[in-house]
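In this chain, residues are counted from 1 in sequence order.
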Amino acid sequence: MLALARKVNESIIINDNVEVAILEIKGDQVKIGISAPKSVPVYRKELYVQIQEANKEAVNTASPESLSDLLK
């Protein structure tokens, strides 16, 4: 993991097309802004984990009969 120190109104660039900017710092909370192309998904980590778990559960609960019905 790369750890960087940034101040308000400073930013970092990722892969030439994603900018992460520090917008505000209040106490223990940091507000960030992310500029990225629409083709780049951006999620909060807790939401991303929920999506991954739901996808795994869907794969595990899908029956072979329902999958073959989808292919018809």
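- Side chain of Gln29 to backbone of Lys26: no donor-acceptor contact under 3.5 angstrom is found.
- Residues Asn17 and Pro37 come closest through the heavy atom pair O-CD, 3.2 Å.
- Ile14 is connected to Val42 through a chain of hydrophobic side-chain contacts under 4.5 Å among Ile, Leu, Val, Met, Phe, Trp and Tyr, so both are in one cluster.
- Between the CD1 atom of Ile12 and the CD1 atom of Ile22 there is a distance of 7.5 Å, given to the nearest 0.5 Å.
- Considering all non-hydrogen atoms of both residues, Ser11 and Glu19 come closest at OG-OE2, 2.9 Å.
- Partners of Glu53 according to the salt bridge (charged side-chain N to carboxylate O under 4.0 Å, His left out) rule, which considers only residues two or more places apart in sequence or in another chain, do not exist here.
- Two different hydrophobic clusters hold Tyr43 and Ile34 under the rule that ILVMFWY side chains link at heavy-atom gaps under 4.5 Å.
- Counting all heavy atoms, side chain and backbone alike, Pro41 lies closest to Ser39 at CD-O, 3.4 Å.
- Ser35 contributes atom OG, which lies 8.5 Å from atom CD1 of Ile13 (distance to the nearest 0.5 angstrom).
- Tracing side-chain contacts under 4.5 Å through hydrophobic residues (I, L, V, M, F, W, Y), one never reaches Val59 starting from Ile51; they form parts of separate clusters.
- Considering only heavy atoms from C-beta on, Leu47 comes within 4.5 Å of Gln50 through its side chain.
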